[in-house]
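Working notes for the structure below.
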Amino acid sequence: MSGYLFALVASIVTLVFILVLLRRRQLREKYAGIWLVVSFAIIVLAAFPRLAIQIADLVGVETPSNLLFAVSLVVLLLVSIQLSTEISTLEEETRTIAERVAILGERLTRLEGAATDATAPQEPHARDDEQH
């Protein structure tokens with residue numbers, strides 16, 4: 001199996017896998033977008049290997065595989081940055097939610113305490129009993 005055929009088959013399998021994950025709602029569209037673009041790009045380059053050579057010549061890279069590795073590194077860097085920003089946003093939201101839950105828990109405790117005090121029967125003081 002040639003390298004181009006292997007890349008073509010692997011890209012098609014990856015594309016189908018991403019589509020299955022999207023359909024099952026296990027992957028959100030905003031995350032799948034970059035993987036769909038990468039899969040389509042690899043399918044095109046594997047189907048038309050001369051295109052990879054022409055792009056490498058145009059960019060000034062000696063071999064197409066070096067260009068592929070460089071582009072792969074950039075894509076992985078962009079994915080890492082995207083996921084880092086998502087994690088930062090989620091951490092902030094989680095902290096805010098935890099603070100709100102703590103405040104609501106404290107309010108609930110106070111309200112339950114006030115309700116218990118208001119409904120509890122008042123016992124006479126011992127001194128009041130002695131005077132009567």
CD1 of I12 to CD1 of I43, rounded to nearest 0.5 Å, is 5.0 Å

Worksheet item: Applying the 4.5 Å side-chain criterion to the ILVMFWY set and letting contacts propagate, would V44 and V38 be lumped into a single cluster?
Response: yes

Side-chain donor-acceptor distances from residues 59-73 under 3.5 Å, at least two apart:
{"unit_1": "T63", "atom_1": "OG1", "unit_2": "S65", "atom_2": "OG", "d": "3.3"}
{"unit_1": "T63", "atom_1": "OG1", "unit_2": "N66", "atom_2": "ND2", "d": "3.2"}
{"unit_1": "S72", "atom_1": "OG", "unit_2": "L68", "atom_2": "O", "d": "2.7"}

One should read off an interatomic distance between L76 CG and I34 CD1, to the nearest 0.5 angstrom, of 9.0 Å

Check: T85 side chain to Q82 main-chain N or O, any donor-acceptor pair under 3.5 Å?
Finding: yes

Nearest heavy-atom approach of P49 to A46 is CD-O, 3.8 Å

Open item on the list: Please say yes or no: joined through hydrophobic side-chain contacts below 4.5 Å, possibly via intermediate residues, are V37 and L27 part of one cluster?
Closed with: no

| field | Non-hydrogen side-chain atoms of F40 and L15 separated by less than 4.5 Å | value | yes

Heavy-atom nearest pair, S11 first then S39, reads CB-O, 3.9 Å

Here the gap from I55 atom CD1 to F48 atom CZ, rounded to the nearest 0.5 Å, amounts to 12.0 Å

Here the gap from E106 atom CD to L111 atom CG, rounded to the nearest 0.5 Å, amounts to 10.0 Å

Residues at least two apart in sequence or cross-chain that pass salt bridge (charged side-chain N to carboxylate O under 4.0 Å, His left out) with R95, listed by chain then number, are E92, E99

Find out whether V79 and Y31 are in side-chain contact, i.e. whether some heavy atom of one side chain is under 4.5 Å from a heavy atom of the other. no

ILVMFWY cluster, V75 and L51 together (side-chain gap under 4.5 Å): yes

dist T116:OG1 -> E112:CD (nearest 0.5 Å) comes out at 7.0 Å

Do L36 and L19 come close enough that some side-chain heavy atom pair is under 4.5 Å?
yes

